[in-house]
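Remember, predicted model here, so these are calculated numbers, not experimental data. Here, residue 1 is the first one in the sequence, and each next residue gets the next number.
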Amino acid sequence: MQDLQYAVPSLAEAKNALANLATEEALGYLESAVQSLRALSVSLQGGDRMEPAAQRSLERRLLRFRAELRDAGALAESGLAYCQDWAQQLEPPAVYGASGVSAATAVSRPELSVEG
């Protein structure tokens, strides 16, 4: 049985995209990895018994994939926390009205000024 039939995807590009907060791009890479894993599953279910060396090689590649997936998950969580923090910082105060921020909240919140 050929080892090419048991290709395990890499998540390097997905991790790079997540590190750069390119979520949509990362999702494309992750979807591609899922499709590859489905094809691998079909190959394993329909294939003959693997030689021990090929099986160990596949197991190592799957363990590497699992570690990459764990890293990608951590990057995604970190990116989400970063975006949520910025969303909270940029959120207008609850008492923001037509005349601006009330004096009570202006002291306790950071300010952002945009001129155009």
Side-chain angles (χ1 to χ4, degrees):
M1 207 156 245
Q2 291 186 4
D3 203 31
L4 293 175
Q5 195 172 3
Y6 300 116
V8 176
S10 170
L11 292 180
E13 292 173 324
K15 290 178 1 183
N16 186 43
L18 287 167
N20 291 308
L21 297 176
T23 309
E24 189 172 343
E25 183 180 342
L27 285 175
Y29 293 126
L30 292 170
E31 287 174 358
S32 177
V34 167
Q35 290 173 357
S36 294
L37 289 175
R38 285 186 181 136
L40 174 61
S41 176
V42 168
S43 294
L44 289 171
Q45 290 173 359
D48 297 330
R49 188 172 182 90
M50 293 177 71
E51 294 181 17
Q55 184 174 351
R56 284 191 300 276
S57 173
L58 178 59
E59 288 169 355
R60 282 191 301 272
R61 287 180 285 149
L62 286 170
L63 287 172
R64 192 172 331 126
F65 177 82
R66 183 172 67 178
E68 284 185 325
L69 188 58
R70 189 175 21 246
D71 292 345
L75 284 168
E77 288 177 8
S78 176
L80 177 61
Y82 175 80
C83 291
Q84 286 175 333
D85 184 50
W86 269 106
Q88 288 174 349
Q89 294 296 321
L90 296 174
E91 182 179 276
V95 292
Y96 187 82
S99 62
V101 181
S102 73
T105 34
V107 175
S108 63
R109 293 200 47 103
E111 292 183 24
L112 174 67
S113 175
V114 179
E115 294 181 21

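In terms of heavy atoms, A26 sits closest to A14 at CB-O, 3.8 Å.
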Side-chain polar contacts of residues 29-37 - donor-acceptor pairs under 3.5 angstrom, sequence neighbours left out - could you list them?
residue	atom	partner	partner atom	Å
Y29	OH	E25	OE2	3.4
S36	OG	S32	O	3.2

Enumerate, atom names and distances included, each donor-acceptor pair closer than 3.5 Å involving a side-chain atom of residues 68-80, sequence neighbours excluded.
residue	atom	partner	partner atom	Å
E68	OE1	L11	N	2.9

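R60 places none of its side-chain heavy atoms less than 4.5 Å from the side chain of L63.
Under a 4.5 Å side-chain heavy-atom criterion applied to ILVMFWY residues, the cluster that includes V42 comprises that residue alone.
Annotation: side-chain hydrogen bond (donor to acceptor under 3.5 Å, both in side chains) contacts involving residues 11-22, sequence neighbours excluded, comprise N16-N20.
A donor-acceptor contact under 3.5 angstrom links the side chains of Q55 and E59, judged on distance only.
Rounding to the nearest 0.5 Å gives a distance of 10.5 Å between CZ of R56 and CE of M50. Atom CG of residue L44 and atom CG of residue L40 lie 4.5 Å apart, to the nearest 0.5 angstrom.
In this structure, R66 contributes its side chain and L62 its backbone to no donor-acceptor pair below 3.5 Å.
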